[in-house]
2 protein chains.
Amino acid sequence: MRKQTSTNWLNEERLKATCGMAYTLNLIGDRWKGSILWALMEDERLRFSQLRDLLTGISERMLAKQLDELEEDQLINRIVHPEVPPRVEYELTELGHSMKSMLEKMSDWGEMHREKIENN
Amino acid sequence: MRKQTSTNWLNEERLKATCGMAYTLNLIGDRWKGSILWALMEDERLRFSQLRDLLTGISERMLAKQLDELEEDQLINRIVHPEVPPRVEYELTELGHSMKSMLEKMSDWGEMHREKIENN
DNA sequence: GCCAATACTTACAAAATTGTAAGCTTCTAT
DNA sequence: ATAGAAGCTTACAATTTTGTAAGTATTGGC
């Protein structure tokens with residue numbers, strides 16, 4: 001829970017409201033979100049446990065939280081199969097898919113920059 | 001200073017090393033970095049005080065820190081004019097400029113997504 | 001000598017994020 | 001009846017980021 005009177009919160013809100021890039025970063029800038037989206041672009045549908053195993057090092061707590069937020073932002077769908085033990089799958093929404101070329105660009109730029117910096 | 005033995009730090013390093021997108025997000029994902037870069041794309045060269053005034057709400061402490069890191073990552077140049085009182089200007093490096101189309105894409109996507117969500 | 005101007009630093013506090021470990025639910029197979 | 005499976009949730013602690021306010025250096029003008 002964030003404190004909606006903090007300078008920190010106000011600054012973030014102002015930025016999101018005035019800058020499309022800041023807005024985007026807010027949606028995908030968290031530690032694991034990029035990787036989750038990336039995984040779902042490659043695999044179409046993944047279960048909670050599959051994502052957990054793909055994202056080396058993530059805790060269940062983090063994964064659940066990030067998935068929650070991505071769903072709230074309408075970037076992914078959560079598909080619950082009413083079985084026991086439960087089976088839940090995640091997939092990109094149309095909006096989620098619309099990020100694809102952007103994320104690819106970010107990925108390409110990152111690889112390029114890394115090389116340049118490492119061979120400085 | 002970060003603790004180089006924390007799980008947090010290890011997770012971040014692993015991600016940066018294996019995922020170009022995470023690497024990129026690490027460079028530009030901080031609260032104000034996108035806006036700083038954006039400002040420098042529009043204005044070519046800006047002084048410390050100009051940036052401070054453009055970025056409503058930023059503190060000098062934050063601005064100095066973000067500029068430091070951007071310089072270290074070779075995305076901006078710091079130009080010191082040996083005068084008193086001091087005059088310091090910042091501009092994008094070539095590498096910094098190479099982000100332009102990526103940042104535009106992020107900005108465009110953000111504006112688009114915001115509209116969709118607000119008219120849901 | 002004293003103040004103002006600019007671009008920072010610094011120390012400390014507050015807030016936010018992330019990690020760790022345990023627990024919950026619901027049915028099914030043993 | 002007991003254990004186990006999957007997908008979470010919770011409480012609490014550690015870590016990390018951000019904010020606040022004050023201070024520093026240098027020199028020219030009053």
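Just so we're on the same page: letters track the sequence lines, and every chain starts at 1.
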query: Taking only N and O in the side chain of A:Arg47, is any of them less than 4.0 Å away from OP1 or OP2 of D:dG7?
result: yes
Relative orientation of the end axes in the helix from C:dG1-D:dC30 to C:dT30-D:dA1, expressed as an angle to the nearest 10° (five pairs per end): 30°
Selection from D:dG19, C:dC8, D:dT26 that lies nearest to any side-chain heavy atom of B:Arg31: D:dG19
Proximity to the side chain of B:Asn8 - top-ranked nucleotide from C:dT18, C:dC8, C:dA5: C:dT18
B:Glu94 atom CD, neighbour heavy-atom count above 12 within 6.0 Å: no
query: Looking across every strand, which nucleic acid part, if any, lies under 4.0 Å from A:Ser59 by heavy atom: base, sugar-phosphate, or nothing?
result: base
task: Look at the side-chain heavy atoms of Ile, Leu, Val, Met, Phe, Trp and Tyr, link any pair under 4.5 Å apart, and say whether A:Met112 and B:Met106 land in one connected group.
output: yes
message: Is the phosphate of D:dT16 approached by B:Ser6 (side-chain N or O, under 4.0 Å from OP1 or OP2)?
response: yes
- request: Using the test ring pair (Phe, Tyr, Trp, His ring centres under 6.0 Å), find all partners of B:Trp32 that sit at least two apart in sequence or belong to another chain.
  value: none
- request: Calculate the interatomic distance between A:Arg2 atom CZ and C:dA14 atom P; express it in whole Å.
  value: 18 Å
- prompt: Any side-chain heavy atom of A:Asn8 within less than 4.5 Å of one from A:Arg2?
  reply: yes
- prompt: Any side-chain heavy atom of A:Tyr23 sitting closer than 4.5 Å to one from B:His113?
  reply: yes
- line: Whichever of B:Val88 and A:Thr5 has the more 5' nearest nucleotide on DNA chain C, that residue is B:Val88
d(CD, A:Gln4; C1', C:dA14) in whole Å: 17 Å
Rounded distance (Å) that lies between atom C1' of C:dA7 and atom CD of B:Glu71: 14 Å
- line: Rounded to whole Å, the CD-P distance (A:Glu69 to C:dT17) equals 8 Å
- request: State which of C:dA15, C:dA7, D:dT20 makes the closest approach to the side chain of A:Thr7.
  value: D:dT20
- line: Here the pair of heavy atoms bringing A:Leu92 nearest to A:Asn77 is O-ND2, 4.3 Å
field: Separation of C:dT17 P from B:Leu10 CG (nearest whole Å)
entry: 21 Å
query: Hey, is A:Lys65 close enough to A:Asp68 for a salt bridge, meaning N to O under 4.0 Å?
result: no
query: When you check the gap from the basic side-chain N to the acidic O, do B:Asp108 and B:Lys105 get nearer than 4.0 Å?
result: no
5'-most by nearest nucleotide on DNA chain D - A:Arg78 or A:Trp9: A:Arg78
query: Do any side-chain nitrogens or oxygens of B:Arg52 fall under 4.0 Å of OP1 or OP2 in C:dA7?
result: no
query: Between C:dA7 atom C1' and B:Gln50 atom CD, what is the distance in whole Å?
result: 13 Å
field: Separation of atom CG in A:Asn26 from atom C1' in C:dA16, rounded to whole Å
entry: 13 Å
Tabulate protein N/O versus nucleotide N/O from nucleotides 9-11 of chain D, keeping only pairs under 3.5 Å, one per line.
unit_1	atom_1	unit_2	atom_2	d
D:dA11	N6	A:Arg61	NE	3.3

task: Using the closest heavy atom to pick a nucleotide of DNA chain D for each, name whichever of B:Pro85 or B:Met62 lands nearer the 5' end.
output: B:Met62
query: Counting just side-chain N and O atoms, does A:Ser49 come under 4.0 Å of either OP1 or OP2 of D:dA6?
result: no
query: Between A:Asn11 and D:dT18, is there a side-chain N or O to OP1/OP2 distance below 4.0 Å?
result: no
query: Taking atom CD of B:Glu72 as the centre, does the number of heavy atoms from other residues, nucleotides or ligands within less than 6.0 Å exceed 12?
result: no
- prompt: Taking B:Arg78 for the side chain and B:Glu89 for the main chain, is one N or O donor matched with an acceptor at less than 3.5 Å?
  reply: no
query: Roughly, in whole Å, what's the span from CD in A:Glu83 to C1' in D:dG4?
result: 16 Å
